[in-house]
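Inspection log for the structure reproduced underneath, given as structure tokens.
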4 protein chains.
Amino acid sequence: MSIVIETGMLKQLVDKLDRLEDDKKNVLDDMKTVYNEAKSQGFDVKTLKKIIKMRRMDRNKLEEDDALLETYRNALGV
Amino acid sequence: MSIVIETGMLKQLVDKLDRLEDDKKNVLDDMKTVYNEAKSQGFDVKTLKKIIKMRRMDRNKLEEDDALLETYRNALGV
Amino acid sequence: MSIVIETGMLKQLVDKLDRLEDDKKNVLDDMKTVYNEAKSQGFDVKTLKKIIKMRRMDRNKLEEDDALLETYRNALGV
Amino acid sequence: MSIVIETGMLKQLVDKLDRLEDDKKNVLDDMKTVYNEAKSQGFDVKTLKKIIKMRRMDRNKLEEDDALLETYRNALGV
DNA sequence: ACAGAAATAAAAATGC
DNA sequence: GCATTTTTATTTCTGT
């Protein structure tokens with residue numbers, strides 16, 4: 001049994017993922033900040049989160065409708 | 001250190017959960033059967049599953065709308 | 001070219017599957033309830049789940065053993 | 001009794017959070033893509049994830065160590 | 001039977 | 001500390 005690892009490629013991958021994790025952290029931190037500011041201005045965070053969630057669910061639903069249509073098309077071979 | 005376990009209660013709990021697992025298994029098996037029958041009648045299983053999923057998503061959306069309204073009510077103390 | 005879809009059959013199928021999904025949901029909700037009650041009585045949910053899993057695995061194992069035994073018996077005409 | 005809602009402010013908040021959610025989604029999608037590419041090149045995704053996690057933990061640890069050192073230095077006026 | 005995708009379950013982390 | 005959310009792990013399902 002032998003294992004060959006391309007260390008150059010691996011290093012590249014890990015660096016890229018690490019940078020993406022940084023991006024993610026930044027976005028998450030930003031959101032946290034916004035929610036905190038909102039709260040300190042008297043907004044109810046739980047409600048805000050629910051509003052956001054629903055907005056995005058609505059948008060998803062439209063995309064899902066399209067996807068279903070596409071599935072029909074494929075199933076019917078049209 | 002001492003651990004006291006009410007074995008009577010525990011046994012009761014485990015039995016109940018075990019029965020619920022049986023129920024679950026039965027439902028899952030029934031679904032599998034229906035999907036297999038559907039397939040053998042020429043229906044596309046993947047499409048069927050997507051239809052079901054969307055139907056239930058639509059219904060969930062309605063419930064979520066109500067929940068959001070309720071959240072607003074609570075947030076406003078109405 | 002003409003495409004014929006048996007909507008009656010389809011509707012029937014979807015309704016049946018939808019009802020089965022309801023059943024499934026009910027069972028899952030029941031389990032959740034039981035686990036929550038168990039927790040509030042001081043039981044460790046994680047451990048409970050492991051116990052249930054093991055119980056059911058053991059039972060499956062026994063059934064498989066029996067099935068194998070039966071297969072041998074038939075093969076040998078015993 | 002009267003209820004006043006600053007809709008302008010609210011709308012602004014929701015828009016901003018929605019955009020941040022988009023950013024988040026993009027980053028997560030990118031990560032998924034990278035992991036999939038890595039997998040198709042023979043890398044083990046689970047292991048990759050562990051490596052990233054460890055790297056970041058180590059870095060956090062170092063930063064915390066530095067912060068603690070700084071705290072001491074300040075306390076001692078060094 | 002097996003690879004890849006999807007679903008479910010379990011564990012961990014976060015916020016209140 | 002409890003509950004919700006997020007992440008990770010395992011299992012299941014489907015098409016080849």
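Order of the sequence lines sets the chain letters (A, B, ...), proteins ahead of strands, with each chain counted from 1.
- For the pair N60(C) CG and dT11(F) C1', the interatomic distance rounds to 14 Å; values are reported in whole Å.
- The NZ atom of K11(B) sits 10.0 Å away from atom CG of D18(B), with the distance rounded to the nearest 0.5 Å.
- Applying the 6.0 Å contact sphere to CE of M9(B) captures no more than 12 heavy atoms from other residues, nucleotides or ligands.
- Between the P atom of dT14(F) and the CE atom of M31(B) lies a distance of 11 Å, rounded to the nearest Å.
- Considering only side-chain N and O atoms, K32(A) lies under 4.0 angstrom from the phosphate OP1 or OP2 of dG15(E).
- The distance from atom CG of N36(C) to atom C1' of dT4(F) is 12 Å, rounded to the nearest whole Å.
- Annotation: of the two residues near DNA chain F, V45(B) and L28(A), the 5′-most nearest-nucleotide partner is L28(A).
- Between K53(B) and K53(C), it is K53(B) whose nearest contact on DNA chain E lies nearer the 5' terminus.
- Taking a 6.0 Å sphere around CD of Q41(C), one finds it holds more than 12 heavy atoms contributed by other residues, nucleotides or ligands.
- When the C1' atom of dC13(F) is taken as reference, atom CG of D44(B) falls 14 Å away, rounded to whole Å.
- Taking atom OH of Y35(B) as the reference point, atom C1' of dA6(E) lies 13 Å away to the nearest angstrom.
- The side chain of K24(A) places an N or O atom within less than 4.0 Å of a non-bridging phosphate oxygen (OP1 or OP2) of dT7(F).
- Within the 4.5 Å cutoff, no side-chain heavy atoms of V78(C) are placed close to those of Y72(C).
- Atom CD of E37(C) is separated from atom P of dA3(F) by 13 Å (rounded to the nearest Å).
- Across the protein-nucleic acid pair, R56(C) atom CZ and dT8(E) atom P stand 17 Å apart, rounded to whole Å.
- The phosphate of dT14(F) has OP1 or OP2 within less than 4.0 Å of a side-chain N or O from K49(B).
- A salt bridge between D65(A) and K61(A) is present, with a side-chain N of the basic residue lying under 4.0 Å from a carboxylate O of the acidic one.
- The distance from atom CG of L20(A) to atom P of dT7(F) is 14 Å, rounded to the nearest whole Å.
- An OP1 or OP2 oxygen of dC13(F) is reached within less than 4.0 angstrom by no side-chain nitrogen or oxygen of K46(B).
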